[in-house]
There are 2 protein chains.
Amino acid sequence: MRYTIGQVAKKLGLTAHTLRYYDKEGLLPSVKKGSSGARIFNDEDIDWLIIVECLKGTGMQLKDIKKYIDLCQKGDSTLATRLELFKQQKRQLEEKLAQFQQYMEKINYKIAYYTEAVAKGSVDVCKQNKCLAAEKERLFGHK
Amino acid sequence: MRYTIGQVAKKLGLTAHTLRYYDKEGLLPSVKKGSSGARIFNDEDIDWLIIVECLKGTGMQLKDIKKYIDLCQKGDSTLATRLELFKQQKRQLEEKLAQFQQYMEKINYKIAYYTEAVAKGSVDVCKQNKCLAAEKERLFGHK
DNA sequence: TTTCCACTTAAAGTTCGCTCTATGTTTATG
DNA sequence: CATAAACATAGAGCGAACTTTAAGTGGAAA
């Protein structure tokens, strides 16, 4: 299956501008061009873009994604390095997940706090609520 | 308890520069200044900065955090709006968490793929592995 | 054929969140 | 009392990832 840049953009929720920018940055090494100069994407390019989005979404910078591409193009001698790269990325993702859990607890505290405040019509009442105070102590620690 | 900008920076893993920048942007409305002009932080300012980091970490831009501050300063009439803001932020965080789960699956696939490739010494072998192919199909979908 | 749409390049511009520089004042230490 | 550390302001600079602009090409529909 062949795709134009516009079709790929739509499929992946990016803009054609962004895809051209990625290409310029060397992130799309296997995308070919037709006689008119238009880029022609295939299914493997889509798969590749999904991995790019995955690495980007887990916090990798474009220049480091580029380095991964360079490893891929060097062939089988870089397999172990590439494996290590994904293991590292997994560790980073796990850290981010743990961080998000902590953010979630704080947001849940805030929701409980404001729910109480809205019910009572004032923030002052919340400050007397022992349960909320204990939760705040737990989440924000002793100073 | 009182803190200087340097102590707060250390406590929260930020720089004094960043804290001054936040102040300039109006993100630290309750920080006072001493006779020499030096900022004086207290425990509530620390709590507040923890919430700022939480909102920032869950994807809120500084200008939108500023809007939340403005709501806080308008008093109890904005309590419902503030509650809604945190509920919205919770939904966004849940979406991000779900997104991260999907990234994790793709990364796990890549780890399995490269583990196999390293064991066999070549990527070509992986493409014949039915199990990996099925997983790829599941994660990357039909095109 | 004309008109329109999607594509092209090259380069400048934008936004975000800092980060650094220059210059100066205050405070703590030996 | 001198010096060094930590604070201050104002404003310039930076890196990342786009985003937009300008000017043009190619191919299909009316």
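Note that this is a predicted model, so its numbers are computed, not measured. Reminder, nothing fancy here: chain letters follow the sequence lines and each chain counts from 1.
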Requested in this report: For A:D76, check side-chain hydrogen bond (donor to acceptor under 3.5 Å, both in side chains) against everything at least two apart and list the hits.
Outcome: none
Query raised in the report: Has the side chain of B:T78 got a donor or acceptor atom that lies under 3.5 Å from a matching backbone atom of B:K74?
Result: no
Query raised in the report: Are any side-chain N or O atoms of A:T15 and backbone N or O atoms of A:T18, one a donor and one an acceptor, separated by less than 3.5 Å?
Result: yes
Query raised in the report: Considering residues at least two apart in sequence or located in another chain, which fulfil the salt bridge (Lys or Arg N to Asp or Glu O under 4.0 Å) criterion with A:R138?
Result: A:E105, A:E135
**Report entry** Residues in salt bridge (Lys or Arg N to Asp or Glu O under 4.0 Å) contact with A:K106, at least two apart in sequence or another chain
**Finding:** none
Requested in this report: Using chain B heavy atoms and a threshold of under 4.0 Å, write down where along DNA chain C the contacts begin and end, 5' to 3'.
Outcome: C:dC16 to C:dT27
Query raised in the report: Does some side-chain heavy atom of B:L12 sit less than 4.5 Å from a side-chain heavy atom of B:I46?
Result: yes
Report task. Considering only NZ, NE, NH1 and NH2 on the basic side and carboxylate oxygens on the acidic side, decide whether B:E84 and B:R91 come within less than 4.0 Å. Result -> yes
Requested in this report: If a pair satisfies side-chain hydrogen bond (donor to acceptor under 3.5 Å, both in side chains) and one of its residues is in residues 117-134 of chain A, list it, with sequence neighbours excluded.
Outcome: A:E116-A:K120, A:E116-A:N129
Query raised in the report: In residues 62-70 of chain B, what residues come within less than 4.0 Å of DNA chain C, judged by heavy atoms?
Result: B:L62, B:K63
Requested in this report: Remember a base hit wins even if backbone is also touched, and classify A:T4 as base, sugar-phosphate or nothing at under 4.0 Å, heavy atoms.
Outcome: sugar-phosphate
Query raised in the report: salt bridge (charged side-chain N to carboxylate O under 4.0 Å, His left out): which pairs involve residues 48-73 of chain B, sequence neighbours left out?
Result: B:E53-B:K56, B:D64-B:K67, B:K66-B:D70
Query raised in the report: Applying ring-ring contact (aromatic ring centres under 6.0 Å, His included), which residue pairs with at least one partner in residues 41-61 of chain A are found, sequence neighbours left out?
Result: A:W48-A:Y68
Report summary line: residues 23-35 of chain A vs salt bridge (charged side-chain N to carboxylate O under 4.0 Å, His left out), sequence neighbours excluded, gives A:D23-A:R39
Query raised in the report: Listed by chain and number, what are the salt bridge (Lys or Arg N to Asp or Glu O under 4.0 Å) partners of B:E95, not counting sequence neighbours?
Result: none
Report summary line: Note: chain B reaches DNA chain D at heavy-atom distances under 4.0 Å over the stretch, first to last nt, 5' to 3', of D:dC7 to D:dT9
Report task. Pull out every residue in residues 17-37 of chain A that has a heavy atom closer than 4.0 Å to any atom of DNA chain C, ordered by number, or say none. Result -> A:R20, A:K33, A:G37
